[in-house]
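Letters go in sequence order (proteins before strands), and every chain restarts at 1. Note that the structure is a prediction, hence the values are computed from the model and not measured. Note: hydrogens, waters and symmetry copies are ignored here, and every other heavy atom, side chains too, is used.
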There are 2 protein chains.
Amino acid sequence: MHFKNHVTRLSQYKAALQRLDNNNVERTHAETISTYIGIPATQIRKDFSLFGIRGNKRGGYNVKDLLEELKNILGLNRDIPVILLGYGNLGKALTRYQGFHEGCVRIVAAFDPGVGVLSSQPPIPVYPPASIPKFLKNNPVKHAILAVPNEVAQAIFDELYENGVRGFINFSTVSLNVPEDAYVNNVDLELELETVIYYTKESKNKV
Amino acid sequence: MHFKNHVTRLSQYKAALQRLDNNNVERTHAETISTYIGIPATQIRKDFSLFGIRGNKRGGYNVKDLLEELKNILGLNRDIPVILLGYGNLGKALTRYQGFHEGCVRIVAAFDPGVGVLSSQPPIPVYPPASIPKFLKNNPVKHAILAVPNEVAQAIFDELYENGVRGFINFSTVSLNVPEDAYVNNVDLELELETVIYYTKESKNKV
DNA sequence: TAGGTAATGTGATATTTATCACAATATACT
DNA sequence: AGTATATTGTGATAAATATCACATTACCTA
């Protein structure tokens, strides 16, 4: 069992619960969450069951408690420092990405060879790539976002792995060589776009 | 059948084939592609079989032909114009995203309310949102990338849909209300990151 | 406090997706 | 030409995932 889908859904549930909590809603139900995010209520309950989340047989779920449980399961019950590799346009976008600000994920530093010629004042410290090992020795960060050119992706990955980073988002389009105990989530934007194109073709392929 | 996974894989195959072609490789095999992208050869052949792609029983596949077939299936056998909504950091990153340059997807214009105060010369024309209907009347683009703040995502979506756009990538974190004949691919970067965090937790939840 | 009901929780079932095993066949070799 | 072999192509099987049906239970009302 790899749980990829389950984990994705838990994350969606968490986001929904966060919004409910922001709106000061105190109790909710599987049906409510369902209409919120478009996942069948029975699927939601099954997922909760699988991960040991219990509600109240008639009162549904307490929003704050459920949110807390989901965060615990996802490992989001504490601040997660993340480093960013590559401070180009994508890197800049990520440092300002509103999705991260609500959660407990925080980009603490970026590394980019162009550090000397940055035009504007970055919102996080940006260091030259040479200082990666030293930084990681002082700040044992476990997660990294790879927003670097394809040519250097594997080399940067290896260096980060050497220095203890184990979880990665990879925005480059090379398929990295990854040791057993690391986890890489590839986000290929072209691929995402091509999926859209396939599903909006006038004439789908008959299968 | 929804084929989401199949289509994603086809897209990966296409990318691999493109690289093989760039390196002037003439023939290839399921096994080769497999080691390239880490998908079992038998899965690859099954996918090909499902979409009617045939190889040569001993010579494998002709790279150029296979690439062409994959492009046909994915609807990538012609230039695909795409518009970009929101020319913030993410928008800028996307216009320069190297993944798109190889393929046939081309971002032809962006729309952003801050169009008047752009610092540098953008590589594509940037128009105010008010001109969306007129633009789409003159340029019947079918695909859009939503890189706008959550608050306006649904409104922008509705306007685009009204004007004929049917395929979307949505980078905002709201779950859009989508008519039957449109397709939205939600790319939630926080969710992607949370997946990574889950899989790199020291103590996984026992299930 | 007893009955009605809205919700959960989960075993059973169906569907989807991936893997396996091997038959078929095109090429290479002798 | 005939045999060996690499590789495809696919039915059968297994595994994963989602849905259904309904038993259970906590709350509400009278």
Pick out the pairs of N or O atoms, protein on one side and nucleotides 2-4 of chain D on the other, that lie under 3.5 Å.
none

Below 3.5 Å between N/O atoms, which protein atoms pair up with nucleotides 18-20 of chain C? Just atom names and distances, please.
from, atom 1, to, atom 2, distance (Å)
C:dA18, OP1, B:Arg9, NH1, 3.2
C:dA18, OP2, B:Arg9, NH1, 3.0
C:dA18, OP2, B:Arg9, NH2, 3.1
C:dT19, OP2, B:Gln43, OE1, 3.3
C:dC20, N4, B:Thr42, OG1, 3.4

State, with a plain yes or no, whether a side-chain heavy atom of [X] is found less than 4.5 Å away from one of [Y].
| X | Y | value |
| --- | --- | --- |
| A:Phe157 | A:Asn170 | no |
| A:Tyr183 | A:Ile169 | no |
| A:Glu194 | B:Lys14 | yes |

Run the ring-centre check on [X] versus [Y] and record whether the distance is less than 6.0 Å.
| X | Y | answer |
| --- | --- | --- |
| A:Tyr161 | A:Phe168 | no |
| A:Phe135 | A:Phe111 | yes |
| B:Phe48 | B:Tyr61 | yes |

Write down the distance between [atom1] ([X]) and [atom2] ([N]), rounded to a whole number of angstrom.
| X | N | atom1 | atom2 | answer |
| --- | --- | --- | --- | --- |
| A:Ile44 | D:dT19 | CD1 | C1' | 13 Å |
| A:His29 | D:dA26 | NE2 | P | 16 Å |
| A:Asn62 | D:dA26 | CG | P | 17 Å |
| A:Arg27 | C:dA6 | CZ | P | 17 Å |
| A:Phe48 | C:dA7 | CZ | C1' | 14 Å |
| A:Phe3 | C:dT17 | CZ | C1' | 17 Å |
| A:Leu50 | D:dA18 | CG | P | 11 Å |
| B:Arg54 | C:dA26 | CZ | P | 11 Å |

Plane angle bin for A:Phe51 and A:Phe3 - parallel if under 30°, tilted between 30 and 60°, otherwise perpendicular:
tilted

5′-ward residue of the pair A:Ile53/B:Gly59 relative to DNA chain C:
A:Ile53

Please work out if A:Gly55 contacts a base, only the sugar-phosphate, or nothing of the nucleic acid, heavy-atom cut-off 4.0 Å.
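Contact class for A:Gly55: sugar-phosphate only.
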
What contact category does B:Ala30 fall into here, base, sugar-phosphate, or nothing, at under 4.0 angstrom with non-hydrogen atoms?
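Answer is sugar-phosphate: B:Ala30 comes under 4.0 Å of backbone atoms only.
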
So, is B:Arg45 near the phosphate of D:dT8, with a side-chain N or O under 4.0 Å from OP1 or OP2?
yes

Are A:Asn56 and C:dA7 close enough that a side-chain N or O sits under 4.0 Å from OP1 or OP2?
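No, no such contact exists.
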
Is it the case that B:Glu68 and B:Asn72 place a side-chain donor and acceptor less than 3.5 Å from each other?
no

Restricting to salt bridge (Lys or Arg N to Asp or Glu O under 4.0 Å), what partner residues turn up for B:Asp47, sequence neighbours left out?
B:Arg9

Proximal nucleotide (of C:dT8, D:dA26, D:dT8) relative to the B:Tyr61 side chain
D:dT8

Hey, is B:Lys64 close enough to B:Glu26 for a salt bridge, meaning N to O under 4.0 Å?
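Result for this pair is no, no salt bridge flagged.
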
Tell me whether the side-chain N or O atoms of A:Lys57 pair up with the base of D:dT25 as donor and acceptor below 3.5 Å, since no angle test is needed here.
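Answer no: no donor N or O sits under 3.5 Å from an acceptor.
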
